[in-house]
Structures are given as C-alpha cells and as structure tokens.
Amino acid sequence: MESPEFCSDSQDGESAFSDVPFAPEPLVYAVMAAFREDPSPLKLNLGIGVYRTEEGKPFVLNVVRRVEQLLVNDLSLGKEYLPIAGIPEFNELSSNLILGAESPAIKENRVTTVQCVAGCGSLRVGAEFLAKHYHQKSVYIPKPTYSNHPNFFSSVGLVVKTYRYYDLATHGLDFQGLLEDLSFAPPGSIVLLQACGHNPTGVDPTIQEWEQIRQFIRSKGLLPFFDSAYQGLVSGNLDADAQSVRLFVTDGGESLIAQSYSKNMALYGERVGALLIVCKTAEVAIEVESQLKLVIRPMYSNPPIHGASMVTAILKDREMYNEWTSDLKKMNDRLINIRQKLVNTLCDKGTPGDWSHIIRQVGMYSLSGLSQDQIAFITKEYHVYMSSDGRISMAGLSSRTVPHLVEAIHAAVTRVI
C-alpha cells in the first residue's frame with residue numbers, strides 16, 4: 001500500500017511565508033545589537049534608557065533584592081494564575097501612588113485600575129479599549145516622542161496625528177505650537193501626554209503651563225492619555241512628578257494613565273505596570289473595567305505575578321517604601337550631577353555651541369542637538385552609541401565616561417558640518 005502524499009499549500013517546497021517581507025529591527029534594538037558586537041574597550045551605550053551605576057553596571061535596588069528574597073522564602077506563596085485585572089492590592093497601591101491616596105476620584109470609586117505588562121502593555125491595552133469603545137478615532141502624540149508610541153495606536157486602527165512639542169531653536173518646549181496644533185483637533189480627540197521626564201527631549205511643561213494645557217484640553221473636550229514612565233526620576237519626589245496627572249484628575253474630568261515601574265524601581269525585565277482609567281462616575285468605572293478584562297483576556301489572559309508582588313510589598317511597607325524613595329532621590333541627584341559635569345566639561349574644552357539646555361532638561365534623557373552625520377561620526381570614531389535623533393541617555397553616563405563623550409562631541413561639532 002502506497003503511503004499518502006504529504007499535502008501542502010506551498011509548491012515545489014517553497015515556504016508558506018515566502019511573501020513575508022523583511023522588517024528592519026527597531027532602532028533602539030539595532031543600536032543595542034551594534035553596541036554588543038563592538039569589541040572596543042572604549043564603547044559607550046547611551047542609546048538604551050536604563051539606569052546604570054557610576055561604574056556603568058546594571059543597577060538593582062537593594063530594597064528590590066531584599067523583598068525578592070522575602071518572597072522566595074515565603075512558602076505560603078504560590079504560582080497560580082492571577083485574576084485578569086491582576087493583584088487587587090497592587091492596583092490599589094498603584095492608583096494611590098500616581099493619583100494620591102486622598103484623590104477624590106479614588107474616594108468616589110471613579111478609578112478603574114488593571115495590572116498590565118509594564119508601561120508598553122498598559123498603553124497597548126488602553127489603545128485597544130479606546131479603539132473598541134470610544135467614539136473618536138484620532139490620537140494626537142507629541143513630536144518628537146517615544147518611538148514606540150505611534151505603534152500602540154496605529155496597530156489597533158486609530159489614526160495617529162502629531163502636535164508640536166519641541167523647539168529646535170531654544171531646545172525647549174514649543175508651548176504655542178502645542179496649543180495651536182491641538183486647537184485643530186476635533187472634539188473628543190485623544191491626546192497623548194507624557195507625565196514627566198519627556199522622552200526623548202527631557203523637556204517638561206512648567207506647572208503653570210500644565211494648568212493652561214489642562215484648561216485648553218478640557219475646553220476643547222479632548223481626552224488626555226498620560227504615559228507615566230518616570231515618576232520620581234525627574235524631581236526626586238514622587239508627588240511632584242505626579243502633579244501633571246493630578247491636575248487633570250482633580251478637575252472631575254476623565255483621563256487614562258499608563259503607569260510603569262521599569263525605570264523608578266529598575267524592574268525593566270519584570271515588566272510591571274498598570275492602566276488607570278478615571279471615569280465620571282463609579283457606575284461607568286465598573287462597566288469600563290468589565291470591558292478592559294475582555295481586552296486583556298485574548299491578549300495575554302492575565303498578568304505575571306513576580307514583579308507586581310515585589311512592587312506591592314515595597315509600596316505597602318513603610319520602611320521599604322522610605323528606602324525606595326531615598327534611593328530614587330540618590331538616582332535623581334546623580335543624573336543632575338552628570339548633566340552638570342557634562343556641560344562643565346564641554347565648556348572647559350571650548351566645544352563650540354551653547355550646551356546649557358542639557359542642564360535645563362530633566363529626567364533620564366537629553367536631546368543633544370547633534371545631527372545624524374555627527375552621531376554617525378561619533379559612533380564610528382569614538383564607539384559611542386546613541387539614537388539617531390541625538391538623544392543621550394544620561395543614566396548611561398558616569399564621571400569616568402564623560403571626558404570620552406566630550407572628546408567625541410567636540411570632534412564631531414568641529415569636524416562634521
């Protein structure tokens with residue numbers, strides 16, 4: 001008896017996926033790969049947004065190591081699935097952290113919070129919820145912004161538009177351009193806002209400008225969607241870095257907030273985050289949460305347990321919380337000191353140009369003003385890796401490596417037009 005022929009839709013042994021085009025790797029990962037492959041002992045990675053020690057080593061908070069050991073030793077803990085919305089206590093503590101425990105929205109049960117897979121997962125869940133249940137399909141994002149932001153919204157069919165944010169001439173906020181562009185947004189349009197530590201520019205509105213933005217957005221009937229990835233790493237104070245979000249929540253209007261613990265607890269690979277939706281009433285909040293669960297269920301069913309358990313333990317224990325906030329202040333102080341050292345060294349070197357914007361900018365990033373040709377030169381000749389837009393991850397610098405970067409920048413601005 002002859003064996004049956006193997007049937008396949010493909011002909012002549014061709015792959016069923018032969019028509020799939022090659023896609024270039026996302027830029028930040030391409031920079032990381034190039035850095036890893038560079039054998040130079042001088043190589044410096046300023047492209048990835050992660051906090052490093054003064055010795056350039058990966059950083060894990062002592063309180064994170066301690067709480068992780070406590071969890072490992074707690075034999076009462078299991079590994080069973082979480083609810084779709086995640087750990088209830090984590091959600092409650094996360095809401096308190098970003099909105100304030102005394103927030104009227106929390107007290108009135110108008111906030112629904114779901115644990116998500118870091119900030120990216122929170123943005124993606126929020127985007128899909130809006131695509132399914134919100135009447136307006138246009139979302140306005142700042143120009144420039146985090147390179148992944150457009151993907152969260154375009155992948156669910158929302159129309160991505162931009163508003164001016166950064167003024168190349170002043171290396172500061174284009175406040176009037178921002179308001180002018182948003183004035184053309186149709187009522188109900190979604191507006192993506194970075195709560196603090198704007199990526200990639202390091203430029204934030206003042207609290208007075210935030211208040212004007214709030215009044216403008218509310219008067220136009222726009223829907224704010226905050227990305228809060230750096231709370232505590234801009235001013236060194238968790239409450240101060242949440243002011244922009246709280247302005248929009250205390251006015252009684254609706255908002256979305258994507259929250260991440262990747263940076264401020266250095267839990268990058270643990271992928272810990274939350275999505276908050278502030279609603280008009282408690283009844284609407286219940287309905288919104290029911291639909292968020294239906295968004296999450298076919299996506300990843302329920303979130304991971306380990307990282308969120310660590311965050312929960314730290315947020316609810318006063319001693320560990322105080323240790324964390326103390327470390328946050330030290331991390332922030334180091335970033336400020338590195339900015340100052342970089343500018344001082346550039347000035348001492350006599351490097352052409354005004355570099356004072358590096359000090360005025362805040363958080364983990366600085367948009368240097370270097371051109372793509374200058375960045376390519378710096379990478380080739382000095383083995384310094386950064387984004388092609390000139391963004392410097394200040395957390396990747398140290399007192400030891402600042403002189404090397406200054407040599408690279410000086411050579412680039414004097415030799416590359």
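These numbers were taken from a predicted model, which means no experiment stands behind them.
Of the inter-residue distances, the one linking T201 atom OG1 with D389 atom CG reads 10.0 Å to the nearest 0.5 angstrom.
When every heavy atom of K280 is checked against every heavy atom of R110, the shortest pair comes out as O-CD, 3.0 Å.
Evaluation of the side-chain contact (heavy atoms from CB on, under 4.5 Å) rule for V362 yields D204, V234 as partners, not counting sequence neighbours. With sequence neighbours excluded, the residues that form a side-chain contact (heavy atoms from CB on, under 4.5 Å) with N151 are N148.
E55 and R400 are not joined by a salt bridge, as no carboxylate oxygen comes within less than 4.0 angstrom of a charged side-chain nitrogen. Ionic pairing of R246 and D239 is present here: one or more N-O contacts between side-chain nitrogen and carboxylate oxygen are shorter than 4.0 angstrom.
Aromatic ring centres of Y163 and F184 lie farther apart than the 6.0 Å criterion allows.
A tilted orientation is assigned to the rings of F129 and H133, their planes being inclined by 30° to 60°. Using cut-offs of 30° and 60° for the angle between ring planes, the H171 and Y166 rings count as tilted.
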Exercise. After noting the C-alpha distance and the side-chain angles of E319 and N322, does the key distance pass the side-chain contact (heavy atoms from CB on, under 4.5 Å) rule?
Worked result: CA-CA 5 Å; E319 181 182 345; N322 288 341; 5.9 Å; no
For this session: Begin with the C-alpha distance, continue with both residues' side-chain angles, and end with the deciding distance and a verdict on side-chain contact (heavy atoms from CB on, under 4.5 Å) for V249 and S103.
Result: CA-CA 8 Å; V249 173; S103 170; 3.9 Å; yes
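Within the 3.5 Å criterion, the main-chain N or O of I358 finds a donor-acceptor partner in the side chain of R339.
A donor atom on one side chain and an acceptor atom on the other are found under 3.5 Å apart for Q215 and E211.
Within the structure, side-chain hydrogen bond (donor to acceptor under 3.5 Å, both in side chains) pairs that include any residue of residues 21-39 comprise D38-H383, D38-Y385 (at least two apart or interchain).
Both the sub-6.0 Å distance and the 45° axial angle are satisfied by R334 relative to the ring of Y51.
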